[in-house]
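Working notes for the structure below.
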Amino acid sequence: EAFNVMDHKKKKYIAVDRISELPDPLLQEILSFLPTKQIVQSTILSKRWKHITTSIPVLESYTFNWDIESGYFNFLEKTLRSLSVKKFTLTDGMDIPKSVSRLDRWMSFAVKSDVEELNLTFVRGWDRRYQLPQSVFLAKSLTVLTLNWCNLHLTCGDININLPSLRKLSVYEVYTDDQTIHKLVAGCPVIQEMRFQ
């Protein structure tokens, strides 16, 4: 935000941008409280902010229409691919079948970036629920996992679940089977809280 400051030599007020003078870590902390779409919009404020917005460790995305600007999806994908995201919250409308490949990529990038908290809600926009990729079941850094409205089935009976750091698991309106639930419980050795609904 710009503040008006009196320039006594020229005897007029000039705008001073105090926020952009803050150190990068403080700006990143402030921006991490915003939804991702607003973070993307903030890049128009200055060239320096464009650099800062691609290094925020918290991403929160609500995508319900495919008509969201492709720049937003590109930003989200680039950020997930290029840095260590600690917390990723995603609510996706699953508007078209093509959404599945995009979501699979995002899940893969999040797991590879050692995400610690994953909050996923999938609103069925077409005729099936999203099948959570098996890579999520092997996320060694994951400490919190919240799942809403997805399929949670292992496609191969001999696949193990290994979530060695998972402390909190919340599962709501998820289609699954007994075998997957048993493997899920067995694969979380330090679990402190589980919720199934």
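Side chains are part of it too, since the values below use all heavy atoms of this structure and drop only hydrogens, waters and symmetry mates.
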Quick one: are Arg102 and Asp92 in side-chain contact, heavy atoms under 4.5 Å? yes

Kindly indicate, with the supporting measurements, whether the criterion side chain to side chain contact (heavy atoms under 4.5 Å, CB included) is fulfilled by Thr121 and Leu90. CA-CA 6 Å; Thr121 300; Leu90 175 68; over 6 Å; no

Would you mind listing every salt bridge (charged side-chain N to carboxylate O under 4.0 Å, His left out) that reaches into residues 188-197, with sequence neighbours excluded? Glu193-Arg195

Pairs satisfying side chain to side chain donor-acceptor pair (under 3.5 Å), at least one member in residues 164-174, at least two apart: none

Nearest heavy-atom pair of Asn151 and Arg129: which atoms, and what distance? ND2-O, 3.5 Å

Can you tell me how far apart CZ (Phe122) and SG (Cys150) are? Round to the nearest 0.5 Å. 6.0 Å

Say you draw a straight line from CG of Leu138 to CG of Leu163; how long is it, rounded to the nearest 0.5 Å? 7.5 Å

Heavy atoms, side chains only, cut-off 4.5 Å: are Val190 and Leu166 in contact? no

Do Leu120 and Asn148 have side chains that get closer than 4.5 Å, going by heavy atoms? no

State which residues pass side chain to side chain contact (heavy atoms under 4.5 Å, CB included) with Val111; sequence neighbours excluded, sorted by chain then number. Ser135, Val136, Ala139

Kindly state each residue pair satisfying salt bridge (charged side-chain N to carboxylate O under 4.0 Å, His left out) with at least one member in residues 105-116, sequence neighbours excluded. Glu77-Arg105, Lys86-Glu116

Students often mix this up, so state it plainly: with edges at 30° and 60°, are the rings of Trp106 and Phe88 parallel, tilted or perpendicular? perpendicular

Quick check for you: to the nearest 0.5 Å, what is the distance between Asn119 atom CG and Lys87 atom NZ? 6.0 Å

Work out which heavy atom in Asn160 is nearest to a heavy atom in Lys183; give both atom names and the distance. OD1-NZ, 4.4 Å

Holding to side chain to side chain contact (heavy atoms under 4.5 Å, CB included), I want the full list of residues that pass it with Pro23, two or more places apart in sequence or in another chain. Pro25, Leu26

State which residues pass side chain to side chain donor-acceptor pair (under 3.5 Å) with Thr180; sequence neighbours excluded, sorted by chain then number. Asp177

Do Leu147 and Val185 sit in one hydrophobic cluster, given that two such residues count as connected whenever their side-chain heavy atoms are within less than 4.5 Å of each other, even indirectly? yes

Atom CZ in Phe137, atom CG in Leu145: separation rounded to 0.5 Å? 8.5 Å

Where do Thr146 and Val144 land on the side chain to side chain contact (heavy atoms under 4.5 Å, CB included) test, with the steps shown first? CA-CA 7 Å; Thr146 303; Val144 177; 4.3 Å; yes

Which atom pair, heavy atoms only, marks the closest approach of Phe196 to Leu169? CZ-CD2, 4.1 Å

So, for Leu132 and Leu152, which heavy atoms are closest and what is the spacing to 0.1 Å? CD2-CD1, 3.8 Å

Between Leu103 and Val100, is any pair of side-chain heavy atoms under 4.5 Å apart? no

